[in-house]
2 protein chains.
Amino acid sequence: MAERGSTGAMARGDTLLFLTDDQLRRGIEAMFFAYRGFTADPDRILIEKGYGRAHHRAVHFINRTPGTTVNNLLSILGVTKQSLNRVLRTLVDDGLVEARVGIRDKRERHLHLTEAGKALEQALSEAQRNRMRVAFRNAGPEAVQGFRAVLEEMMDPEMRRQYLDGVDQG
Amino acid sequence: MAERGSTGAMARGDTLLFLTDDQLRRGIEAMFFAYRGFTADPDRILIEKGYGRAHHRAVHFINRTPGTTVNNLLSILGVTKQSLNRVLRTLVDDGLVEARVGIRDKRERHLHLTEAGKALEQALSEAQRNRMRVAFRNAGPEAVQGFRAVLEEMMDPEMRRQYLDGVDQG
DNA sequence: CAGTTTATGTCAGCCTTGTTGACTTTCCAA
DNA sequence: TTGGAAAGTCAACAAGGCTGACATAAACTG
């Protein structure tokens, strides 16, 4: 069988897939358009409450790892401390996040969601999960595994570590 | 078999997948971390050249659909004309994009990449395709199909139409 | 104990990229 | 010929990135 496109083909089992530039472009556009859908629902809630995506990200990861330190959050989010601090300050001022001084190391601030913070996180993640759930259902379980496999391969190694850290069993 | 989690399970063929909130959270984080990797390579090139992601998006879709109008591009990108115009102006001024007055409708501007514009587009998309190609290769062809299926399901209907528009045969 | 490093916070200023609102010019179509 | 669509422009603003500089407290190190 002749090769099509400039990048060759990949095969496994009964499936044959040509990685032409056009196939790759489709993947790129899929990421672009899907990310918009991915953020659309929480964005609507955030605008209502006067917050932005940066607040969402902070709240998400504080919820995922309660007691995480500022430095820890910085490395997950990949922004500067000035940028994160601006967001964190409003969250603390608004009573959504509590920054507890560390016990062993008093320089550290351990971040926790308050009840109000948990409520916002719930609202945001529920909206996002709903879309994800529908997408997963419609695509089917095998597609979900493929989705995760490709996304994991697309991550930078450091981000991949962060991603795998957040898994319960492994 | 008892149900686990609050959202039930999905099954198809020999695969069984529980759509617990934690499974969905993993999917959410996968999108978050992967999108960072997805944009990382072109971002480096863009910074060098003094452009941003907005320029990349414009150049990408002008390349995909040469002769597209400003309005068309607006509906694909989902930003205001003022926002797009600022980006487009710099690209025209820098000689990367040509805005040709419409023949049938002279109000319209038909956008084309110049040679310099094509060169930038090539550099950006090559970097992005390389990562996508490696991710596709490592994940395997079945995973790629699943990846695309889930992303397509995640899009808003309007974006989905735009996405499917960009496909050669169907 | 003195000096250095680390964790955090903060001030100031800059950039990109999004927004709204108002207004103009061009020009197609009824 | 006139209404409205397409496009462009000006102004102002906000979110959320960035850099640089500096302050403070705590921990660590010799």
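Owing to the predicted nature of the structure, the values given are computational and were not obtained by experimental measurement. No hydrogens, no waters, no symmetry mates; every other heavy atom, side chains included, goes into these values.
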Worksheet item: Residues from residues 55-63 of chain A sitting under 4.0 Å of DNA chain D, heavy atoms only?
Response: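 Here the set is H55(A), R57(A).
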Worksheet item: Where along residues 81-97 of chain B does a heavy atom come under 4.0 Å from DNA chain D, residue by residue in number order?
Response: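 Residues of residues 81-97 of chain B under 4.0 Å from DNA chain D: K81(B), Q82(B), N85(B), R89(B).
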Item to complete: Output all residues satisfying ring pair (Phe, Tyr, Trp, His ring centres under 6.0 Å) with F32(A), sequence neighbours left out; order by chain, then residue number.
Response: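 Here the qualifying residues are F61(B).
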Discussion item. Test of understanding: with ring pair (Phe, Tyr, Trp, His ring centres under 6.0 Å), list the residues that count as partners of H55(B), not counting sequence neighbours.
Written reply: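 Once residues adjacent in sequence are excluded, the partners of H55(B) under the ring pair (Phe, Tyr, Trp, His ring centres under 6.0 Å) criterion are Y51(B).
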Item to complete: Before accepting this row, confirm whether a basic side-chain N of the pair D21(B)/R26(B) lies closer than 4.0 Å to the acidic partner's carboxylate O.
Response: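 No.
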Discussion item. Check this for me, if you would: do R137(B) and E153(A) make a salt bridge, where the nitrogen-to-carboxylate-oxygen distance has to be below 4.0 angstrom?
Written reply: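 No, R137(B) and E153(A) are not salt-bridged.
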Fill in: Within residues 78-92 of chain A or reaching into it, pairs that qualify as salt bridge (Lys or Arg N to Asp or Glu O under 4.0 Å) - sequence neighbours excluded
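The answer is none; no pair qualifies.
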Worksheet entry | Plane angle bin for F38(B) and Y35(B) - parallel if under 30°, tilted between 30 and 60°, otherwise perpendicular |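 The arrangement is tilted - the two ring planes meet at 30° to 60°.
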Worksheet item: According to the ring-ring contact (aromatic ring centres under 6.0 Å, His included) rule, which pairs have a member within residues 74-97 of chain B, sequence neighbours left out?
Response: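 Not a single pair qualifies under ring-ring contact (aromatic ring centres under 6.0 Å, His included).
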Item to complete: Just jot down the side chain to side chain donor-acceptor pair (under 3.5 Å) partners of Q82(B), sequence neighbours excluded, or say none.
Response: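 Once residues adjacent in sequence are excluded, Q82(B) has no partner under the side chain to side chain donor-acceptor pair (under 3.5 Å) criterion.
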Worksheet item: Looking at residues at least two apart in the chain, or sitting in another chain, which of them share a side chain to side chain donor-acceptor pair (under 3.5 Å) with N72(A)?
Response: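 Not a single residue meets the side chain to side chain donor-acceptor pair (under 3.5 Å) criterion with N72(A).
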Practice prompt. Could you tell me whether the side chain of T69(B) reaches within less than 4.5 Å of the side chain of L111(B), counting heavy atoms only?
Written response: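 No, every pair of side-chain atoms sits at 4.5 Å or beyond.
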Worksheet item: CG of L74(B) versus C1' of dT20(C): gap in Å, rounded?
Response: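 Rounding to the nearest Å, CG of L74(B) and C1' of dT20(C) are 15 Å apart.
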Discussion item. Test of understanding: with side chain to side chain contact (heavy atoms under 4.5 Å, CB included), list the residues that count as partners of K106(A), not counting sequence neighbours.
Written reply: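 Partners of K106(A) under the side chain to side chain contact (heavy atoms under 4.5 Å, CB included) test: V101(A).
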Worksheet entry | Under the side chain to side chain contact (heavy atoms under 4.5 Å, CB included) test, residues paired with R161(A) that sit two or more places apart |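 Side chain to side chain contact (heavy atoms under 4.5 Å, CB included) list for R161(A), sorted by chain: P157(A), E158(A).
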Worksheet item: Is there a donor in the side chain of E29(A) and an acceptor in the side chain of H60(B), or the other way round, less than 3.5 Å apart?
Response: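 Yes, a side-chain donor-acceptor pair sits under 3.5 Å.
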Fill in: chain A footprint on DNA chain D, 5' to 3' - any atom under 4.0 Å from a heavy atom
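Counting from the 5' end, contacts occupy dG16(D) to dA27(D).
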What N/O pairs connect the protein and nucleotides 25-30 of chain C at under 3.5 Å? Give each pair on its own line.
residue, atom, partner, partner atom, Å
dC28(C), OP1, K106(B), N, 3.4

Worksheet item: Within the pair T80(B) and dG18(C), is there a side-chain N or O less than 4.0 Å away from OP1 or OP2?
Response: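 It does not, given that no N or O in the side chain of T80(B) lies less than 4.0 Å from OP1 or OP2 of dG18(C).
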